[in-house]
Amino acid sequence: MKIISSLLLLFSLLSFLQISPILAVKKSYVVYLGRNSHTSKPSTLGNDGMTESYYDLLGSCLKSKEKAKEAIFYSYTSHINGFAATLEDDEVDQLSNRPEVVSVFPNEVNQLHTTRSWEFLGLERNGQIPADSIWLKARFGEDVIIGNLDTGVWPESESFEDEGMGPIPTRWKGYCETNDGVKCNRKLIGARYFNKGYEAALGRPLDSSNNTARDTNGHGTHTLSTAGGRFVSGANFLGSAYGTAKGGSPHARVASYKVCWPGCYDADILAAFDAAIQDGVDILSISLGRAVAIPYFRDGVAIGSFQAVMNGILVVCSAGNSGQVLGFGTTSNVAPWVLTVAASTIDREFPSNVVLGNNKEFKGTSFNTNNLSDRKYYPIVYSVDAKAANASAQLAQICYPESLDPTKVRGKIVYCLGGVMPDVEKSLVVAQAGGVGMILADQTADSSSIRQGFFVPTSLVSAIDGLSVLSYIYSTMSPVAYISGSTEIGKVVAPVMASFSSTGPNEITPEILKPDITAPGVNILAAYTKAPRRLSRLIDRRPLSFNIISGTSMSCPHVSGIAGLLKTMHPDWSAAAIKSAIMTTARTSSTARQPIADASAAEATPFNYGSGHLRPNREMDPGLVYDLTTTDYLNFLCSIGYNATQMSIFIEEPYACPPKNISLLNFNYPSITVPNLSGNVTLTRTLKNVGTPGLYTVRVKKPDGILVKVEPENLKFSKLNEEKTFKVMLKAMDNWFDSSYVFGGLTWSDGVHHVRSPIVVGRQLTQF
């Protein structure tokens, strides 16, 4: 009887499958129609005429205008021409075949890529602002408008108070979305949110709590205040890094565009670019990107930033946090029209050392909130030996939630292993079990984990030192230890490239060196959200006015803030000129007057830091710049083989490429990269005088195994904006094949200004 019942059930199921239609899967896409043709007149995202045309277009494919209205969740009508919609595969095919449609690409996700830093950069000295500081020369970025695409903003932060600020510039066209109690002022002049792309990717309606520009993550508040936060005295993170917080352009106006939720989706990013351009921002700071670089015509950040640069807006992007991979470039934002920023250290460190009962001391790091009572020893226990009855040894080893027995932990320092879950969450587990401290053994040899705001005094030690601590615990009848934390300034060599900072070469266009520049991105203090923050399984409910974070997300707004100062000083400079000034004045040496090192202490290269480390006080008067126009960028796209359809993603009118494509080696970039040298090559660059008249002479540092000749060797500039062209001839010598890439540089100097460009040369690989 059971067999018959089973057969009947199977027959019924098969019959159901035969007569039931298979539901087509809907996904969200961005439908791009090329650059908007009506950017010269004011428009809004809700422009009725354009939106109706999108409904008509999609409706003709869906055979219903009403269905089109339901499918479209964004209409880009200001500077980006197109829409975002939820579509089935066959609908995508139909749209792609329409002549007015340039491209249809998936609404894919991007990831989010932290105040001693400004003194380290030379803008202040011993808490005072010297007369030669760019802050004074640029009036602290007065009235420049910096926009930030990120996780939103905590508007109540002191960094965004507007006391003493004048009226909002009349050129500002943006506004504030006041849901969830968000209020703007004369400092924070815009706060908007874009979540329809996230909603479409999620496949279900978002609840109303997502309809807010408020930052509950903290990342966006941190980056925005780093770029343009006001002076806030007494800032600190749980007692660490005490001082005055401020942004690169403290008197700038700032605007927040919330595009990141659990992820940052292309449809939302493009909508925010469209809005920011229309609103009137001067600088855009973008601390997000893909895990790996993708072709420009498929990259929402590359497309949106192109439109911004066409409208005179400099776009600054983070390089990414994928670290270095042998033989492969990991930098994600590699378009030549954006300024891409790597991350490096400053000369401040937070040692948090462990002293055992046998007087052996192990160097660790953390924040100085991690002080136990000076020289008071506490019992120390290995987390596995303090596991809860129902927990496995594997979970207890990493101090997983509810894995520790409070009766075995209370009043003790707990030894845990790093990895698997956030380190700060482990400290919360220890605190909840009654522990007084934590020794966290990293899983790498050099203790490279990011310092965090732990719930109990903590020391991050290397894997090797961790084994020594563990050996002491098991070889001693009553093991004890204490943890001593502090803040040290000026005692460590800096900058050093961060281990997480993404590197070159540029995997999309290797002739363009990426990243472009490095800036402070390790242990950066800035404003933060006071909202509760979910870790992995637990919630951090501490209300933090400021936080210390690391990442290229933190180095990016340092450069954005400095770019704001340059825009204030030189409002007539193009985005490319500002970018050139930042790159050509950078330094490649540390405070020890040695070459910048990478995280392994080896000498870093331009693939780590681009042109070098940010040097703001030199940037305000660079002498000469390598300038670029929209035409140059379009010719660049022609040179990499873009067809008419791909070109129309970036410009609406048909663009006639030069009869003969311009060599990418001659693209007027501030750095020089020849990725496949075989024999010899000659390339050109053009310099524009943005300073006083002068005679510049070239000085060359030859890459190993490469002969370099520059013609002419002298350039005389008689007037402002005068341009001069020079040639660089590179010839490979017979003995240079020991390395795949070699590095050098050339510098033009009149005795006052030093205009430096890195030279990167790769050998042509033999094909078999």
Side-chain angles (χ1 to χ4, degrees), residues 112-118 148 150-161 214-248 254 256 258 260 285 287-288 318 321 343 345-346 348-350 352 365-370 422-428 431 449-458 460 485 487 498 500 519-536 538-558 561:
L112 293 166
H113 283 181
T114 146
T115 42
R116 168 70 184 168
S117 54
W118 301 115
N148 193 43
D150 213 296
T151 64
V153 63
W154 192 261
E156 294 82 8
S157 170
E158 290 180 82
S159 294
F160 307 124
E161 290 184 354
R214 182 175 294 279
D215 180 15
T216 57
N217 176 286
H219 191 275
T221 300
H222 198 283
T223 54
L224 185 59
S225 64
T226 300
R230 301 200 74 184
F231 288 87
V232 181
S233 60
N236 68 93
F237 173 52
L238 303 174
S240 286
Y242 190 92
T244 299
K246 78 283 289 184
V254 296
S256 171
K258 185 175 181 178
C260 297
S285 193
S287 289
L288 56 89
S318 52
N321 299 330
T345 64
I346 59 175
R348 178 179 64 191
E349 186 55 284
F350 301 93
S352 184
T365 57
S366 193
F367 299 126
N368 68 359
T369 50
N370 295 342
D423 292 340
V424 68
E425 191 161 9
K426 300 174 193 286
S427 71
L428 179 53
S449 291
I450 301 301
R451 295 77 167 134
Q452 300 179 53
F454 298 104
F455 284 81
V456 293
T458 297
L460 283 165
T487 299
F500 55 76
V522 178
N523 296 337
I524 303 301
L525 178 78
Y528 208 61
T529 179
K530 289 188 176 182
R533 293 161 301 283
R534 176 165 290 280
L535 302 173
S536 62
L538 303 176
I539 295 176
D540 184 350
R541 299 188 183 278
R542 294 173 295 180
L544 300 176
S545 296
F546 294 87
N547 199 356
I548 294 177
I549 315 181
S550 298
T552 57
S553 284
M554 286 63 247
S555 56
C556 170
H558 275 85

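These figures come from a predicted structure and were not determined experimentally.
- The two residues Phe160 and Trp154 have their closest heavy-atom pair at CD1-O, 3.6 Å.
- Scanning both residues, Ser256 and Leu224, for their nearest heavy atoms gives CB-CD2, 4.1 Å.
- At least one side-chain heavy atom of Phe546 sits under 4.5 Å from a side-chain heavy atom of Ser159.
- With no hydrogens or angles considered, a side-chain donor-acceptor pair links Asn148 and Thr223 at under 3.5 Å.
- In terms of heavy-atom proximity, Ser233 sits nearest to Thr244 at CA-OG1, 3.7 Å.
- With sequence neighbours excluded, no residue forms a salt bridge (Lys or Arg N to Asp or Glu O under 4.0 Å) with Arg230.
- A heavy-atom distance below 4.5 Å is not found between the side chains of Val153 and Lys258.
- A donor-acceptor contact shorter than 3.5 Å links the side chain of Ser225 to the backbone of Ala527.
- With Ser427 contributing its side chain and Phe455 its backbone, the two residues share a donor-acceptor pair below 3.5 Å.
- If you take OG1 on Thr221 and CD on Glu156, they are separated by 9.5 Å, rounding to the nearest 0.5 Å.
- Remark: side-chain polar atoms of Thr458 are paired, donor with acceptor, to backbone N or O of Val456 under 3.5 angstrom.
- Residues His219 and Cys260 are not in side-chain contact: their nearest non-hydrogen atoms beyond the backbone lie 4.5 Å or more apart.
- Between atom CG of residue Asp215 and atom NE2 of residue His222 there is a gap of 11.0 Å, rounded to the nearest 0.5 Å.
- Here the CG atom belonging to Asn217 is positioned 6.0 Å from the OH atom belonging to Tyr528, to the nearest 0.5 angstrom.
- Taking every heavy atom of both residues into account, Lys530 and Ser545 meet most closely at CE-OG, 3.1 Å.
- Judged by distance alone, with hydrogens and angles left aside, the side-chain atoms of Asn321 form a donor-acceptor pair with the main-chain N or O of Thr552 at under 3.5 Å.
- Checking Ser117 against His558 by side-chain atom types alone, a donor-acceptor pair falls below 3.5 Å.
- Between Leu428 and Phe454 there is no side-chain heavy-atom pair separated by less than 4.5 Å.
- With a 4.5 Å cut-off on side-chain heavy atoms, Ser550 and Phe500 count as touching.
- Taking CG of Asn547 as the start and CG of Leu525 as the end, the distance is 8.0 Å to the nearest 0.5 Å.
- Side-chain contact between Pro557 and Ser287 is present, with heavy atoms from C-beta onward closer than 4.5 Å.
- Rounding to the nearest 0.5 angstrom, the gap separating the CG atom in Leu460 from the CG atom in Asp423 is 6.0 Å.
- When the salt bridge (Lys or Arg N to Asp or Glu O under 4.0 Å) test is applied to Glu158, no partner is found at least two apart in sequence or on another chain.
- Put simply, CZ on Arg214 and OG1 on Thr529 are 7.5 Å apart, with the number rounded to the nearest 0.5 Å.
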